[in-house]
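Read through the structure below, which is laid out as structure tokens, and then see the notes.
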Amino acid sequence: MIIEGIRKLSEQNIPVYVMHGNRDFLLGKDFAQQCQCTLIEDGTIIDLFGTKTLLMHGDVLCTDD
């Protein structure tokens, strides 16, 4: 169901990017192909309307666990 929803967005020429979180590390090339999405690495810098923006999962910021 989720794969279908993501694929529908992609089929409408809406770019979809997925970054792994804590529990979804098994998402890989097969998932990306089924969804027609792009997997991105933790710590990806994008241009967000002219502003360089860091996309990250955030676990590296939890230093006092």
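Taking a 6.0 Å sphere around CD1 of Ile14, one finds it holds more than 12 heavy atoms contributed by other residues, nucleotides or ligands. Within a 6.0 Å sphere centred on CD of Glu41, heavy atoms belonging to other residues, nucleotides or ligands number 12 at most.
Scored by the side-chain hydrogen bond (donor to acceptor under 3.5 Å, both in side chains) test, His20 finds no partners at all (sequence neighbours excluded). Residues satisfying the side chain to side chain contact (heavy atoms under 4.5 Å, CB included) criterion with Leu61, sequence neighbours excluded, are Met56. Take Asp47 and apply the side chain to side chain contact (heavy atoms under 4.5 Å, CB included) test, not counting sequence neighbours, and it matches no residue. Every residue two or more places apart in sequence or in another chain that forms a side chain to side chain contact (heavy atoms under 4.5 Å, CB included) with Ile45 is listed here: Lys52, Leu54.
In this structure, CD in Glu4 is found 10.5 Å from CD in Gln34, a value given to the nearest 0.5 Å. Rounding to the nearest 0.5 angstrom, the gap separating the CD atom in Gln12 from the CZ atom in Arg7 is 12.5 Å. The CG atom of Asn13 lies 10.0 Å from the CD atom of Gln36; values are rounded to the nearest 0.5 Å.
A donor-acceptor pair is defined here as one N or O able to donate and one able to accept, closer than 3.5 Å; such a pair exists between the side chain of Thr53 and the backbone of Thr51. Using a distance-only test at 3.5 Å, with no hydrogens or angles considered, a donor-acceptor pair links the side chain of Ser10 to the main chain of Cys35.
Leu39 and Leu26 fall into different hydrophobic clusters, where Ile, Leu, Val, Met, Phe, Trp and Tyr side chains are chained together by heavy-atom contacts under 4.5 Å.
The two atoms that bring His57 and Asp42 nearest to each other are N-OD1, 2.9 Å, heavy atoms only.
Hydrophobic cluster membership of Met19, counting Ile, Leu, Val, Met, Phe, Trp and Tyr whose side-chain heavy atoms lie under 4.5 Å apart directly or via other members: Tyr17, Ile40, Ile46, Leu48, Phe49, Leu55.
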